[in-house]
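Some notes on the structure that comes next.
Labels below follow one simple rule: chain letters A, B, ... track the order of the sequence lines, proteins then strands, and each chain is numbered from 1. Heavy atoms only: backbone and side chains are in, while hydrogens, waters and symmetry mates are out.
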Amino acid sequence: MALLEVKELGISFGGLRAVDDFHLTIEEGQLYGLIGPNGAGKTTVFNLLTGVYKPTDGYILLDGENITGKKTIEINQHGIARTFQNIRLFGDLTVRDNVKAGLHNHYKYSALTGILRLPKYYKVEKEMDERAMELLKVFDLDKEADYKASNLPYGKQRKLEIARALATDPKLLLLDEPAAGMNPNETQELMNTIRFVRDEFHMTILLIEHDMKLVSGICEQLTVLNFGQILTEGETSVVLNDPKVITAYLGE
Amino acid sequence: MKMKALSKNTRSNLITYGMVVTAYVVMEILLKAGMVSSLLRGLLVPLCMYVILAVSLNLVVGISGELSLGHAGFMCVGAFSSALFSLCMKEAVPAGALRFFLAILIGAAAGALFGFLIGVPVLRLRGDYLAIVTLAFGEIIKNVVNIIFLGRDVNGFHISIEDAFSLNMEPGGEVLINGPQGITGTPQDSSFFIGIVLILITLFVVINMVNSRTGRAIMAIRDNRIAAESVGINVTKYKLLAFTVSASLAGVAGVLYAHNLSTLAAQPKNFGYNMSIMILVFVVLGGIGNIRGSIIAAVVLTLLPEMLRSLNDYRMLMYAVVLIATMIFTSSPGGQAFRERYSLKALIGRKNQEKEA
Ligand SMILES: Nc1ncnc2c1ncn2[C@@H]1O[C@H](COP(=O)(O)OP(=O)(O)OP(=O)(O)O)[C@@H](O)[C@H]1O
Ligand SMILES: [Mg+2]
């Protein structure tokens, strides 16, 4: 059984059919790419998968469970975590606290325990700190743990967003243009990190990206969107050499 | 690295507690030495009340990032519920300390209840809309309290919203809440000492909550609601929690207020929107989200008009000048740079550097 199975997914904004008859099957452990020209509907697909928008048609199965139309927080608890195209960090919190916010549902104590500083508070906070530092190390952010998140340079902010998403212990990780705004060196480093996350965390990853070097470098399968519809899908090398895809990107 | 961060935070909080305790000790010494004017002596309990109000409102405005203008309404609820309790229990529980303790619990519970009930519909709104609706709710609470008549006689309680006569009480019945005249004869259980204890409890609750999983969730929602949802944080729950706790603490401030006066009546001056806005001014001037700043602002801005009394007509002018100056100092980039350069920490740091060199 596939980890993610999407069928006939669609949404309209007023008269605009932003995504139409979209389908997607991702196996566990896959590194899957979603590409397409600007405004094709890629981010909208992410928003549908994570419950930010409710689909007007179709259904989404995660690990065999129907999660169509569920709320964002429920979908996160089912195991989908994401990053955002326009970075959304908790800017006034420290880097460490951003990750700890991601651990929210896995390390629990009540509000009263926190106020009264019962022993459980110290125990759980310590575990959270350890886990947060572990995750930050993966992204080479451990030295910046006490920085305010908004003070991080752009590339590191993108990495912190991935660390925070991983903190929720997802089955499926969605990355929306993780390399946007990065220089070639940073992109290369990011590719290694994404691969590392897939291998070490046994993560399944779906990513949107415009950087073709990254896409061809790490994605195994691709789906190409154009004007809200699937243009083509399949193995990366085949899809990228498809004349249809090249015209879609370059325009006619 | 981790230890340092922890201790830095803890140290800052200890300074806050220490500041309150020191202020109390100094004040007590001055009181003993007879060096405090009667005017200032009368201001001590209100000062404690303002500090509690400012710190609790900061939980909503600074930590949760919601603009609430109904804080005085929750204070009103706490004041009336607890005053009514104390009045009824005057004979049943003659021990002042125990009765006041129970009154505080009742004020806190009433504040929390109203905070919760109002928070449920209101917290769906954002920004300006939330401000307007909370302002309205605050006014509604004050006005509703003004038309309640409550009496007690041998048959039990009677309630009316017309006047004291329509209570239809047996002879010998006693009017507890007399509409616009409010409650008379509340035992005066408040004291400076209790006020300070309540400030410390408020600080304990707010500071510990902010520095916990709960506070992290609340601030995450403030910083980015969509991202908070995406990591599984329940936005409604945590916003409501912050709002309820804040209202509950405002209720406690109301208890302090009610038991400092022999007559409690809901007027625009004490429970109206002017009061809510004044508390907001404390919070904004002290620095949004800055707990210690709220305390200092509440104290300074309460004392200032009294200290400037000799200036008569120029008093409010001076007040405005101080407000503007503080705002420039705390919020403008220039002021912030100045503060960073000349803050105590920076000065000490520079000295250490010189020593090392
Ligand atoms: N909430 C919304 N309301 C109305 N239209 C929307 C909304 N969200 C997206 N759209 C529209 O849907 C279309 C697809 O947008 P989407 O952001 O998914 O594109 P994208 O493929 O992610 O593009 P890019 O590569 O530029 O990020 C666009 O025409 C956009 O204007
Ligand atoms: Mg997009």
Q. Considering residues, nucleotides and ligands other than Asn86(A), do more than 12 of their heavy atoms fall under 6.0 Å from its CG?
A. yes

**Q.** Exceeds 12 heavy-atom contacts within 6.0 angstrom, atom CZ of Phe101(B)
**A.** no

Q: Could you tell me which portion of Thr72(A) (side chain, backbone, both or neither) has an atom closer than 4.5 angstrom to a non-hydrogen atom of chain B?
A: both

Q | Part of residues 48-55 of chain B lying next to chain A, heavy-atom separation under 4.5 Å | A | none

Q: Please tell me if the side chains of Arg213(B) and Tyr109(A) come closer than 4.5 Å, counting only heavy atoms from C-beta onward.
A: yes

(Q) More than 12 heavy atoms of other residues, nucleotides or ligands under 6.0 Å from NZ of Lys71(A): yes or no? (A) no

Q. Quick one: CD on Glu125(A) to CG on Asn211(B), what's the gap to the nearest 0.5 Å?
A. 9.0 Å

Q: Quick one: closest heavy-atom pair of Ser212(B) and Gly114(A), and the distance?
A: CB-CA, 4.1 Å

Q | Interface moiety of Ile75(A) toward chain B, non-hydrogen atoms closer than 4.5 Å | A | neither

Q) Which atom pair, heavy atoms only, marks the closest approach of Arg216(B) to Leu93(A)? A) O-CD1, 4.1 Å

(Q) Using only non-hydrogen atoms and a strict under-4.5 angstrom cutoff, which residues of residues 223-236 of chain B touch chain A? (A) Asp223(B), Asn224(B), Ile226(B), Ala227(B), Ala228(B), Glu229(B), Ser230(B), Val231(B), Gly232(B), Ile233(B), Asn234(B)

(Q) Please determine whether the number of non-hydrogen atoms from other residues, nucleotides or ligands lying under 6.0 Å from atom CZ of Phe13(A) exceeds 12. (A) yes

Q | Heavy-atom neighbours of Phe114(B) CZ exceed 12 at 6.0 Å | A | no

(Q) Just checking Arg124(B): does its CZ atom have more than 12 heavy atoms from other residues, nucleotides or ligands closer to it than 6.0 angstrom? (A) no

Q) Is there a side-chain contact between Met219(B) and Asp92(A), using heavy atoms and a 4.5 Å cut-off? A) no

Q.
Can you confirm whether more than 12 heavy atoms, excluding those of Glu127(A), are under 6.0 Å from its CD atom?
A. yes

Q: Taking atom CZ of Phe116(B) as the centre, report whether more than 12 heavy atoms of other residues, nucleotides or ligands fall under 6.0 Å from it.
A: no

Q: Counting only heavy atoms closer than 4.5 Å, note whether Lys108(A) contacts chain B via side chain, backbone, both or neither.
A: both

Q: Name the option with the most non-hydrogen atom pairs under 4.5 Å to chain A; the candidates are Gly215(B), Ala220(B), Ala217(B).
A: Ala220(B)

